[in-house]
Amino acid sequence: MAKAIAMAPDSWIPGGEPDPLIRERHGHVGQPVSRIDGPLKVTGRAPFAAEFPIEGMVYAALAYGTIAKGRISTLDTTDAEQAPGVVLVMTYRNAPKLQPPPLFLTAEKAAGGDGLPVMQDDRIYWNGQPIALVLAETQEQADHAKSLIRVTYVTDQAMIKFSKAREQGTRTAEFMGQPLHNEVGDAEKALQDAAFSVDATYTTPRHNHNPIELHGLTVTWQGDTLRMHDAQQLVAHTAWSMAQVFSIDEKQVVVTSPFVGGGFGSKSMWQHHIIAAAGAKLARRPVRIVLSREGVFRLVGGRSPTEQRVALGADADGRLTALIHEGVTIKTPHNAMPEPFILPTRSAYAAKNVLLDVQKVELDMLGNTFMRAPGEAVGTFALECAIDELAERIGVDPIELRIRNEPDKDPISGLPFSSRNIVEAYRAGAEKFGWSLRNPTPHSVTDGEWLIGMGCATGTYPYYRMPGGAARITLSRDGKATVDIAFHEMGMGSATVQTQVAADRLGLPMEDISFNYGDSTLPGVVMAGGSQQTAAIGASVIAAHNKLIKELLRLAGNDSPLAGLKAEEVGSQNGGLCKLDDPERHETYQSLLSRARRDKVVVEAQPPQPVETMHWSMHSHSAMFCEVRVNKVTGEPRVSRFLGSFDCGRILNPKTATSQFRGGIIMGLGLALMEDTQFDERKGRIMNPSLAEYHVPVHMDVPEIDVIWTDIPDPHAPMGAHGIGEIGITGTGAAIANAIYNATGKRVRDLPITLDKLL
């Protein structure tokens, strides 16, 4: 099928005809519109998951296991049950019969972070697994009662040491159903024959999710219907998956998530969802559960560690003859997420011989999950540091080496690029950042006791559009429209941008557009992840709009200026429909519905399958520029300036996009300089489960961040836009590492780059 789609005419493929909104340059799209949800949030009127008041609600606390593998031997809950305010203590002994959660990526709507049975037996699968739920009248009473539970274990031999697991053998990892392995030519031989080469190992540690809003849920049973107010990135997926766990119909589960305070891949379905719903069923009371910060570390997966080898060979002209990117990462037996660090290398550079491979080992630990730019964030660290090392070996400017190895088509698939303007992004970024002032000799620029250096790196992130999108448009006689689709607002401005897009699509002012979202009862199986939600929503609204035009033309009749026109000849302008090449043939929505004696028209439609990604190679790109200062006395590294130059197609809202880009870069600062989950390989326990010990950037760590972009639309993407949520973190770590090398002459290949590695 992939080969047939690749060879098909462009006109047969979604995106073969450019989105009409690409031509429209004077509407709402492209304007720096402020967030429409901003007033709700700054006045405290935006309801988050743990803020829904329900009469009779009780509060939850979880007790976590403390061994890596084994069984519960004794479990004494007597004191906890008798503690003041306690309503219920639930363990495997009294939990209702539940099915294992459908594991994410194993079915269209599967949402489970792991596929393990929840509180169905005495088995322990990782250190931190929930073993008891306490429900009480107040949170303080629940937390106190939890501390009174006494438990002993019988331990089994656990595999929790990375090096030991490697010794016992690795297997090729898979990501989204495909093996993480690509091979073109003989890369190892080409490396041996190369005029210039580098061959180095780079390591990245475990990373944990730490959204500011903790994972919260308010859940209640209303008869046989399970209603969940959740902090969620997959409302439709979670509704279906919870129905499978409780053996009920999908329509009996309603998941709402109107506002989410940061997700980054972490807010899918975890065991606390199931436990809280089961506890609510047993207690016959609504339940509110909010994981503590430690609880997030114990229960919610993050990014797994990697060991990566990057070997590059180049000819005398600096053109790559060999590109090898391989290594090992970790997953667990009960989840489907290895860290796919070779993904960015597949399309980054032209090379005659390529070897890409990810091997996995399985450990008895908390299951991994998606974390902002999975694969790309850490994969570009290794690849882009190696490119810098090769540039120094050859004696060429790092940007010139990258441009010299620009591919004219996808190096692995051979597909044409739908849009690729990274060279323009590099040139614009270099000029604005002042790259020409960089001294290429390391350890040569100082300011008092500070060493100063500059570095750059390329970032890339795939364009995705997940299947399952759908949208419903309700057009009323007063000319106003409501759009219903189960998408998510996690702080990135989705509701604002989609209102802009829908307004231009329908030819209406923004104030006449209402969006309903964040509710599993709405159309569409849309996920907020993979930087694909905008494309998924956009394609869904296109499909619904096309259907709306057909329905309105059917209602128009012979007395309309639109009589006799075909749907493809008609577009939306000025509050109605008109002939595209003759705008004078126009009739307002109000006129159309009034003559048809209709109060409203409702249409619902799904877009075609996202086969455009099998016809073109589609990516967001970035050129990252960093200036650092490293203290000669203490070794302290400080990022003093940062600029991201982006090629992400059309920018739909410059204001919200700038915030997204900056947020990704700030997360990249943490990846490069701070974040490191300390994992005890004796006990399988995370040792720094708090923001006091797991460090993320704070305001004083963040310099002025400049953001620019090409704003060149991709003719084959909805609205001409590519995803922007994850490209900001991609390449940031390498740009910082390369700048630190330029400042100090020390090449640090192991993240995070802390001061002890620079002394």
Side-chain angles (χ1 to χ4, degrees), residues 182-203 307-327 341-342 344-357 378-412 422-423 426-427 430 435-436 438-444 453-460 621 623-626 731 733-750:
N182 301 98
E183 198 165 348
V184 178
D186 190 339
E188 292 286 5
K189 184 179 186 305
L191 181 68
Q192 295 175 5
D193 298 339
F196 300 98
S197 65
V198 298
D199 193 338
T201 298
Y202 305 83
T203 65
E307 291 182 4
Q308 305 175 51
R309 175 200 176 206
V310 179
L312 305 173
D315 61 20
D317 294 327
R319 287 180 168 78
L320 291 174
T321 56
L323 196 167
I324 300 171
H325 193 176
E326 60 183 0
F341 54 77
I342 65 168
T345 313
R346 286 174 168 171
S347 65
Y349 298 107
K352 297 177 182 178
N353 301 277
V354 180
L355 174 60
L356 310 177
D357 186 69
V378 293
T380 50
F381 164 67
L383 174 65
E384 292 297 305
C385 285
I387 288 286
D388 247 50
E389 295 193 47
L390 182 64
E392 184 179 46
R393 191 75 50 88
I394 298 172
V396 64
D397 181 83
I399 295 178
E400 172 57 29
L401 181 64
R402 289 171 168 87
I403 293 175
R404 199 174 294 180
N405 286 283
E406 262 294 284
D408 57 3
K409 61 182 180 180
D410 190 289
I412 300 299
I422 183 61
V423 173
Y426 254 117
R427 288 176 175 154
W435 183 259
S436 62
R438 173 183 178 268
N439 190 324
T441 303
H443 201 282
S444 58
M454 292 187 189
C456 70
T458 301
T460 179
H621 300 100
M624 300 301 210
F625 297 85
C626 178
I736 294 170
N738 292 335
I740 286 175
Y741 175 75
N742 181 245
T744 66
K746 291 186 178 182
R747 176 64 67 181
V748 181
R749 301 187 181 95
D750 309 307

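FYI, side chains are in, hydrogens and waters are out, and symmetry mates aren't considered; it's all heavy atoms of this structure. Since the model is a prediction, treat every value here as computed from it, not as a measurement. Residue numbers start at 1 and run along the sequence shown.
Interatomic distance, OH of Tyr741 versus CG of Asp388, reported as 9.5 Å (0.5 Å rounding). To the nearest 0.5 Å, the span separating CG on Leu320 from OG on Ser197 amounts to 11.5 Å. Taken from CG in Asp397 to CD1 in Ile399, the straight-line distance is 5.5 Å, to the nearest 0.5 Å. One finds the CG atom of Leu323 at 11.0 Å from the CG atom of Asn182 (value rounded to the nearest 0.5 Å). In this structure, the separation between OG1 on Thr345 and CD1 on Ile324 is 12.0 Å, given to the nearest 0.5 Å. Summarising the geometry, atom CD belonging to Glu392 is positioned 9.0 Å from atom CG belonging to Asn742; distances are rounded to the nearest 0.5 Å.
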TODO: Decide side-chain contact (heavy atoms from CB on, under 4.5 Å) for Lys352 and Val184; before the verdict, give the C-alpha distance in whole Å, the side-chain angles of both, and the deciding distance to 0.1 Å.
DONE: CA-CA 7 Å; Lys352 297 177 182 178; Val184 178; over 6 Å; no
Open item on the list: side-chain contact (heavy atoms from CB on, under 4.5 Å), that's the test. Do Arg749 and Thr203 meet it? Break it down for me.
Closed with: CA-CA 7 Å; Arg749 301 187 181 95; Thr203 65; over 6 Å; no
Open item on the list: Set out, in order, the CA-CA distance, both residues' side-chain angles and the distance that settles side-chain contact (heavy atoms from CB on, under 4.5 Å) for Ile740 and Lys746, then state yes or no.
Closed with: CA-CA 7 Å; Ile740 286 175; Lys746 291 186 178 182; 5.9 Å; no
Open item on the list: Would Leu390 and Leu401 count as a side-chain contact (heavy atoms from CB on, under 4.5 Å) here? Give the steps.
Closed with: CA-CA 9 Å; Leu390 182 64; Leu401 181 64; 4.2 Å; yes
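By the 4.5 Å heavy-atom criterion applied to side chains, Tyr426 and Phe625 are counted as neighbours. With a 4.5 Å cut-off on side-chain heavy atoms, Val354 and Ile412 count as touching. Ile387 has its side chain out of reach of Pro398: every pair of non-hydrogen atoms, C-beta onward, lies at least 4.5 Å apart. The side-chain heavy atoms of Arg747 and Cys385, taken from C-beta on, include a pair separated by under 4.5 Å.
Minimum interatomic distance between Ala743 and Gly453 (heavy atoms only, all atoms of both residues): CB-N, 3.4 Å. A pairwise comparison of heavy atoms in Arg438 and Met454 identifies NE-O, 3.3 Å as the closest pair. Across all non-hydrogen atoms, the minimal contact from Pro407 to Ala348 is CD-O, 3.7 Å. Ala382 and His325 get closest at one heavy-atom pair: CB-NE2, 4.2 Å. The two residues Ile736 and Cys626 make their nearest non-hydrogen contact at CG1-SG, 3.8 Å. Of all heavy-atom pairs between Asn738 and Cys456, the closest is ND2-O, 3.0 Å.
Taking the ring centre of Phe196 as origin, the terminal cationic atom of Arg393 falls outside the region bounded by 6.0 Å and 45° from the ring axis.
With hydrogens and angles disregarded, no donor-acceptor distance shorter than 3.5 Å links the side chain of Asp199 to the backbone of Ala311. With Arg402 contributing its side chain and Glu384 its backbone, the two residues share a donor-acceptor pair below 3.5 Å.
Of the N and O atoms on the side chains of Asn405 and Arg319, not one donor lies less than 3.5 Å from an acceptor on the other residue.
Using a 30° and 60° split on the angle between ring planes, Phe381 and Tyr202 fall in the perpendicular class, above 60°.
Between Arg404 and Glu400, at least one side-chain N (NZ, or NE/NH1/NH2) sits under 4.0 Å from a carboxylate O, which counts as a salt bridge. A salt bridge links Glu188 with Arg309: at least one charged nitrogen is closer than 4.0 Å to a carboxylate oxygen.
Of the options Ile342, Leu356, Asp357, a side chain to side chain contact (heavy atoms under 4.5 Å, CB included) to Glu326 is made by Asp357 and by none of the others.
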